[in-house]
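These notes concern the structure reproduced below.
Quick caveat: nothing in here was measured; it's all calculated off a predicted structure. Lettering follows sequence order; numbering is per chain, from 1.
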2 protein chains.
Amino acid sequence: MNKRTQLEAAGWRVGDNADFLELSAEETAFVELKLALADYLREIRVQHAWTQAYVARVLGSSQSRVAKMEAADASVSIDLLLKSLLKLGASRKQVGQVIARVA
Amino acid sequence: MNKRTQLEAAGWRVGDNADFLELSAEETAFVELKLALADYLREIRVQHAWTQAYVARVLGSSQSRVAKMEAADASVSIDLLLKSLLKLGASRKQVGQVIARVA
DNA sequence: CGATGATATGTCAGTTTCGACATAAGGTCA
DNA sequence: TGACCTTATGTCGAAACTGACATATCATCG
């Protein structure tokens with residue numbers, strides 16, 4: 001899944017390239033930051049060979065919401081992503097590094 | 001303002017030390033992460049000698065909300081803090097470093 | 001081809017967060 | 001002291017987010 005597909009899935013209107021560039025620098029940075037956290041969440045889950053359903057139980061949430069977290073869905077907040085990452089064992093430092101790492 | 005006072009202001013029940021320790025490791029990490037972002041927001045504003053009212057205009061928000069952001073008020077999300085920081089010119093990298101820097 | 005397990009998508013009611021406003025509290029100057 | 005500027009706190013209706021559920025899609029077996 002490429003970045004643009006991810007952005008669209010995340011609920012951002014992305015038409016032609018001109019539309020794509022409509023996002024301001026901060027908006028782009030914010031969305032990509034969110035995508036990075038979502039990817040990291042999936043990475044942690046996959047590396048542990050956990051299912052979304054299992055992660056949902058650990059987090060006190062549902063499988064569908066975990067799927068949406070990993071997809072950086074528009075209905076998912078960064079608060080939720082951060083809380084989830086920390087609860088799954090990620091450290092503040094690791095999270096910060098994921099955020100600081102600019103693609 | 002010390003960390004505990006900040007936590008209380010942010011809406012976290014903090015009684016004696018035992019109560020203070022009731023927060024799980026992830027909860028503590030999350031709250032401190034939020035406080036770090038709030039402090040960073042204030043730092044940026046003060047360094048530029050901006051008033052909260054001015055920052056509010058730039059962000060398209062209100063002075064009271066900016067005050068609450070800097071206080072890491074419970075009604076302020078990390079999404080809002082991140083969007084605000086980016087809009088004020090902070091880079092993803094800088095934000096990540098603030099988050100990664102563990103007190 | 002099913003059947004089974006995993007992941008994705010759509011929706012909803014309850015909760016949280018939002019900007020805005022009013023107003024209180026501090027600080028500084030004359 | 002009081003006028004003025006800045007920051008803090010409380011509240012509200014509107015908007016966004018949440019967990020949950022149903023259901024769809026996808027992959028991997030036999």
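Rounded to whole Å, atom C1' of dT18(D) lies 13 Å from atom CG of Leu59(A). For Leu81(B) and dT16(C), the CG to P distance is 18 Å, given to the nearest whole Å. Following rounding to the nearest Å, Asp73(B) (CG) and dT7(D) (C1') show an atom-to-atom distance of 14 Å. Distance Arg57(A) CZ to dA6(C) C1': 14 Å, rounded to the nearest Å. Nucleotide dT17(C) holds its C1' atom 16 Å from the CG atom of Leu82(A), rounded to whole Å.
With DNA chain D read from its 5' end, the first of the two nearest nucleotides for Gln63(B) and Asp79(B) is the one closest to Gln63(B). Nearest-nucleotide mapping onto DNA chain C: of Ile78(B) and Ser64(B), the residue sitting toward the 5' end is Ile78(B).
At least one side-chain nitrogen or oxygen of Gln52(B) sits closer than 4.0 Å to the OP1 or OP2 atom of dA8(D). Under 4.0 angstrom from either OP1 or OP2 of dA8(D) there lies at least one side-chain N or O belonging to Arg42(B). Note on Arg65(A): every side-chain N or O is 4.0 Å or more away from OP1 and OP2 of dC21(D).
Within the nucleic acid shown, Ser77(A) comes within 4.0 Å of sugar-phosphate atoms alone, with no base atom in reach, counting heavy atoms only. Within the 4.0 angstrom heavy-atom criterion, only backbone atoms of the sugar-phosphate kind lie near Ser61(B); the bases stay farther away. Looking at heavy-atom distances under 4.0 Å, Val66(B) makes no contact with the nucleic acid at all.
Between Tyr54(A) and Trp50(A), the angle of the ring planes lies from 30° to 60°, which puts this pair in the tilted group.
Checking side-chain atoms of Asp79(A) against main-chain N and O of Ile78(B) turns up a donor-acceptor pair under 3.5 Å. Between the side chain of Glu32(B) and the backbone N or O of Ala29(B) there is no donor-acceptor pair closer than 3.5 Å.
Of the listed nucleotides (dC21(D), dC21(C), dA8(C)), dA8(C) has the atom at the smallest distance from the side chain of Glu70(A). With dT9(C), dT7(D), dT18(D) as the candidates, the nucleotide lying closest to the side chain of Val76(A) is dT18(D). Side-chain proximity of Ser62(A) to the nucleotides dT7(D), dA20(D), dA8(C) is greatest for dA20(D). Closest to the side chain of Lys68(B), out of dT9(C), dT18(D), dT11(D), is dT11(D). Comparing dA6(C), dT7(D), dA22(C) by their nearest atom to the side chain of Thr51(B) picks out dT7(D).
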- Task: Test side chain to side chain contact (heavy atoms under 4.5 Å, CB included) on Val55(A) and Ile44(A) and set out the steps.
- Result: CA-CA 10 Å; Val55(A) 169; Ile44(A) 290 176; over 6 Å; no

- Going through the checks in order, is the side chain to side chain contact (heavy atoms under 4.5 Å, CB included) test met by Val66(A) and Glu70(A)? CA-CA 6 Å; Val66(A) 173; Glu70(A) 295 185 355; 4.1 Å; yes

